[in-house]
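Here's the structure we're looking at; comments come further down.
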Protein chains: 2
Amino acid sequence: MKRAFSSEFDFISTLKKKIWSNKDKNLIAGIGDDCAVLDFGSAEYLLVTTDTFNEEIHFKQRYLSPYEAGFKAMSGAMSDIAAMGGVCRYALVSLSVPLKLLNGFLVDFYRGMQGPLKKTGALLIGGDTTRSKQYFSASITILGLTQKRRIVLRSGAQPGDKVFLTGLTGYSHAGLLLLKKGTPFQGSGLKRALKKHKSPEFRHDMVKKILQMDPTAMIDISDGLSSELNHLAHSSQVSIIIDYTALDHDPVLRKIAQALHVPVLTLIMNSGEEYELLFTSSKNNEKAGFLEIGATCKGKPGVWIRKDKTLFPVKSGGYDHFAVTGQKT
Amino acid sequence: MKRAFSSEFDFISTLKKKIWSNKDKNLIAGIGDDCAVLDFGSAEYLLVTTDTFNEEIHFKQRYLSPYEAGFKAMSGAMSDIAAMGGVCRYALVSLSVPLKLLNGFLVDFYRGMQGPLKKTGALLIGGDTTRSKQYFSASITILGLTQKRRIVLRSGAQPGDKVFLTGLTGYSHAGLLLLKKGTPFQGSGLKRALKKHKSPEFRHDMVKKILQMDPTAMIDISDGLSSELNHLAHSSQVSIIIDYTALDHDPVLRKIAQALHVPVLTLIMNSGEEYELLFTSSKNNEKAGFLEIGATCKGKPGVWIRKDKTLFPVKSGGYDHFAVTGQKT
């Protein structure tokens, strides 16, 4: 099939060039970062992001309860605010609902969304509820605030920075595969993988600690670590070198990968909807407890992984909405 | 079918009571008006609204080109900002796209959205592009600004105000019916009806003139005049008396209604997606050119129409997304 754009990333790049132009006095950053950043003259920047969560693409009813779907949709939207060092304040929720889901599903989906709302103290202040022909869809807009000097873009990484993760990735996709394959693995880590897939927390609780490390760039893991590393490398125009042993260190995840017949590095690199935060900083980790996974250096923008003293290139292997072979759920 | 909520309106009322509480120092108005209104300490209020536009519910590809669909989706979202006396500034667009529409459709849809964007000078600053299983869906968030003393809520109408429309309603639904029935009517007004249905302008060009009349309450006609009149009456706790002759005065619309075998008042009262503005004011119309259709008075909140000295109650008869018999397109 001939397609105008080879990937979501291409499509957004084209849009950015064609339609969007940053000539606005209030607009600090727009398309291409986790959130749009606006300055209305107060002490803080306003962050705005919007995220869509579609039945059969982002979730299937046979794997997620309505409550879990609502929880996950809201976490995913809010994670973009955390990824810029912000605090979530308001949510607007647009739901497209087939008539058959109007009864219990909708109420439980709202209950699920309340989880992340309550945790952050953010308020639901508006939205739109419309009918859809066949499948459920939620589009969530989040408004957040961040102190101006604290804003963290994707583009600020400097050569020589260290690369950190708030937690090891891989469990979310492992959870999905376990559900798909009828949970062939019953050992330790099963619960964690299922929870991570069904109702992932986003890392707003880590933002304060991250800001203390003066992060130079940040992004959240929504499409997959390999994709987000590449976004960060290209936005910041740096090379990123990842240390294999810093990623493949979890015997539990290794066992799950083995049971699923999937290379553990594939899980770690390409698992989406993790909502861990990936950031760069010149500071040391010390007792902060972040996972140090590599470093940035001068050179061609891109990502490499070092294993046994050899560098292998890391391409974006996470979820791409427009890759015909891409499968999310 | 047992349903938890009897209508969209019920559902939103329930939500409002259950989840939303206006205890936030920055939040001036939330769920229940056209936009959420936020005060971040600058000279203007920030208005935020989100609107969803679904294939097969809000539009069918056989009636609307991708360009027209994009134009209409953006107009509808922006209209909510105009309805509060605001100016549109930024748009975030979330699209759910089935693979088969990825090629030309998406590009033309974006071109269509640019129409209202260019007219208002608003900028596209973000969004999300994801795959959908079967049908296209667009969720558009608009951020606008309004001077604080100029904000117009739904709830401010006072007994004794006059009720105005920026233009006669009815043509949008007439246009849809003409398309559905293979345009059985070829006379004057056909072009206007088709244009009003396919690529309606929203009334941002009228906002300045309306503000000069010190409007007490305002709402845009998205679901239908009868529904919006009822919303305004209930929000402002007034009775609204509409003058039949002020509505049924257009011989062209009458002829179209006749050709369609639909009572002309049904077209006028229940046609949705008109994006005309309905407002109340104590001032006189004078040369402003608005359509004066009635007045408010003390009494039970609700709407009545006066015809031949008799009052008939006007119930919400516009589009309700959750009325099982409701058909939008």
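Please read all numbers here as calculations on a predicted model, not as lab measurements. Here is how names work: the chains are called A, B, and so on, in the same order as the sequence lines, proteins then strands, and each is numbered from 1.
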Worksheet item: Are there residues of residues 85-94 of chain A that reach to under 4.5 Å of chain B by heavy atoms, and which ones?
Response: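 Listed by number: Arg89(A), Tyr90(A), Leu92(A), Ser94(A).
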
Discussion item. A side-chain contact here means heavy atoms from C-beta on lying under 4.5 Å apart; do Leu38(A) and Leu143(B) qualify?
Written reply: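 Leu38(A) reaches Leu143(B) side chain to side chain.
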
Discussion item. At a 4.5 Å cut-off on heavy atoms, which part of Tyr135(A) comes close to chain B: side chain, backbone, both, or neither?
Written reply: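 When you check distances to chain B, only side chain atoms of Tyr135(A) fall under 4.5 Å.
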
Practice prompt. For the residue pair Thr130(B) and Thr52(A), confirm or rule out a side-chain donor-acceptor distance under 3.5 Å.
Written response: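 Side chains of Thr130(B) and Thr52(A): no pair found under 3.5 Å.
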
Fill in: Between Asn54(A) and Ser96(B), a side-chain donor and acceptor under 3.5 Å
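Indeed, the side chains of Asn54(A) and Ser96(B) share at least one donor-acceptor pair under 3.5 Å.
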
Discussion item. Are more than 12 heavy atoms, taken from residues, nucleotides or ligands other than Lys133(A), located less than 6.0 Å from that residue's NZ atom?
Written reply: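 It does not: Lys133(A) NZ has 12 such atoms or fewer within range.
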
Worksheet item: What's the shortest heavy-atom distance between Ala36(B) and Ile125(A), and which atoms?
Response: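 The pair with the smallest heavy-atom distance is CB-CD1, 3.4 Å.
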
Worksheet item: Who passes ring-ring contact (aromatic ring centres under 6.0 Å, His included) against Phe71(B), sequence neighbours left out?
Response: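 For Phe71(B) there are no ring-ring contact (aromatic ring centres under 6.0 Å, His included) partners, ignoring immediate neighbours.
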
Practice prompt. Could you tell me the separation between the NE2 atom of His58(A) and the CZ atom of Arg131(B), rounded to the nearest 0.5 Å?
Written response: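 So the NE2 of His58(A) and the CZ of Arg131(B) are separated by 9.5 Å.
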
Worksheet item: How many angstroms lie between CG in Asp128(B) and OG in Ser222(A), if you round to the nearest 0.5 Å?
Response: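 Taking CG in Asp128(B) and OG in Ser222(A), the distance rounds to 8.5 Å.
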
Worksheet item: With a 4.5 angstrom heavy-atom cut-off, which part of Val48(B) approaches chain A: side chain, backbone, both or neither?
Response: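 Both backbone and side chain of Val48(B) come within 4.5 Å of chain A.
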
